[in-house]
Amino acid sequence: IQRTFSIIKPDAVAKNLIGAIYSRFESAGLTILASKMIHMSQEQAEGFYAEHKGKPFFDGLVAFMTSGPVMVQVLEGENAVLANREIMGSTNPADAARGTIRADYATEVSENAVHGSDATESAAREIAYFFTDDEVC
Ligand code: ATP
Ligand code: MG
């Protein structure tokens with residue numbers, strides 16, 4: 001059993017897709033252990049995406065992620081990191097497999113509906129970035 005960290009990004013929240021995306025998690029066998037709506041500060045978004053600092057899309061990414069509320073959640077299940085990446089689909093919705101969240105709910109690489117941790121190490125770091133231990137059931 002494994003945990004991963006997920007964000008429903010501002011584009012998907014604005015499109016009223018929280019419930020639809022939560023259904024996808026649960027249908028894939030991913031249990032929601034913790035969840036909250038937040039509006040990220042500039043500092044919070046810059047820190048979260050620190051690995052991308054210096055890339056051409058960094059400023060736009062931070063502006064987008066702070067543009068409105070997001071849902072952050074901890075998901076648990078068998079191979080949760082990979083399972084979540086699979087149901088999310090490729091970073092660029094144009095490349096995402098049919099039936100994935102990004103293929104169905106996003107059109108732009110810059111506004112691609114969801115984030116999911118890419119490894120167990122980043123999952124642990126990202127969970128701790130947004131949740132205290134007592135917030136995770
Ligand atoms: P995420 O980390 O959000 O789960 P990912 O791991 O598939 O997505 P990364 O390479 O980590 O993709 O990029 C992080 C985020 O930065 C992407 O989800 C996307 O929103 C944005 N991004 C990545 N590449 C580009 C790009 N070429 N142009 C615009 N935005 C981009
Ligand atoms: Mg990533």
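Position 1 is the first residue of the sequence; numbering continues from there. Worth knowing before you read on, the calculation uses all heavy atoms, side chains too, and leaves out hydrogens, waters and symmetry mates. Given the structure is predicted, the values throughout are model-derived calculations rather than measurements. As the structure lists them, so they are numbered: ligands from 1, and atoms in each ligand from 1.
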Worksheet item: Do E76 and T31 have side-chain N/O donor and acceptor atoms under 3.5 Å apart?
Response: no
Worksheet item: Parallel under 30°, tilted from 30 to 60°, perpendicular over 60°: which one fits the rings of F130 and F5?
Response: parallel
Item to complete: Classify the angle between the aromatic ring planes of H52 and F57 as parallel (below 30°), tilted (30 to 60°) or perpendicular (above 60°).
Response: tilted
Worksheet item: Are K55 and Y49 in a cation-pi contact, defined as NZ or CZ under 6.0 Å from the six-membered ring centre and within 45° of the axis?
Response: no
Item to complete: Mind checking the OG-CE spacing from S6 to M88? Nearest 0.5 Å is all I need.
Response: 7.0 Å
Give one line per pair: atom of ligand 1, protein atom, distance. Only N/O to N/O under 3.5 Å.
{"unit_1": "ligand 1", "atom_1": "2 (O)", "unit_2": "H115", "atom_2": "ND1", "d": "3.0"}
{"unit_1": "ligand 1", "atom_1": "3 (O)", "unit_2": "K9", "atom_2": "NZ", "d": "3.1"}
{"unit_1": "ligand 1", "atom_1": "3 (O)", "unit_2": "H115", "atom_2": "ND1", "d": "3.2"}
{"unit_1": "ligand 1", "atom_1": "4 (O)", "unit_2": "H115", "atom_2": "ND1", "d": "2.9"}
{"unit_1": "ligand 1", "atom_1": "4 (O)", "unit_2": "G116", "atom_2": "N", "d": "3.0"}
{"unit_1": "ligand 1", "atom_1": "4 (O)", "unit_2": "G116", "atom_2": "O", "d": "3.3"}
{"unit_1": "ligand 1", "atom_1": "6 (O)", "unit_2": "R85", "atom_2": "NH1", "d": "2.9"}
{"unit_1": "ligand 1", "atom_1": "6 (O)", "unit_2": "R85", "atom_2": "NH2", "d": "3.3"}
{"unit_1": "ligand 1", "atom_1": "7 (O)", "unit_2": "T91", "atom_2": "OG1", "d": "2.3"}
{"unit_1": "ligand 1", "atom_1": "8 (O)", "unit_2": "R102", "atom_2": "NH2", "d": "3.3"}
{"unit_1": "ligand 1", "atom_1": "11 (O)", "unit_2": "H52", "atom_2": "NE2", "d": "3.1"}
{"unit_1": "ligand 1", "atom_1": "12 (O)", "unit_2": "T91", "atom_2": "OG1", "d": "3.4"}
{"unit_1": "ligand 1", "atom_1": "18 (O)", "unit_2": "K9", "atom_2": "NZ", "d": "3.0"}
{"unit_1": "ligand 1", "atom_1": "18 (O)", "unit_2": "N112", "atom_2": "ND2", "d": "2.9"}
{"unit_1": "ligand 1", "atom_1": "20 (O)", "unit_2": "K9", "atom_2": "NZ", "d": "3.1"}
{"unit_1": "ligand 1", "atom_1": "20 (O)", "unit_2": "V109", "atom_2": "O", "d": "3.3"}

Fill in: Contact list for residues 81-97, test salt bridge (charged side-chain N to carboxylate O under 4.0 Å, His left out), sequence neighbours left out
none
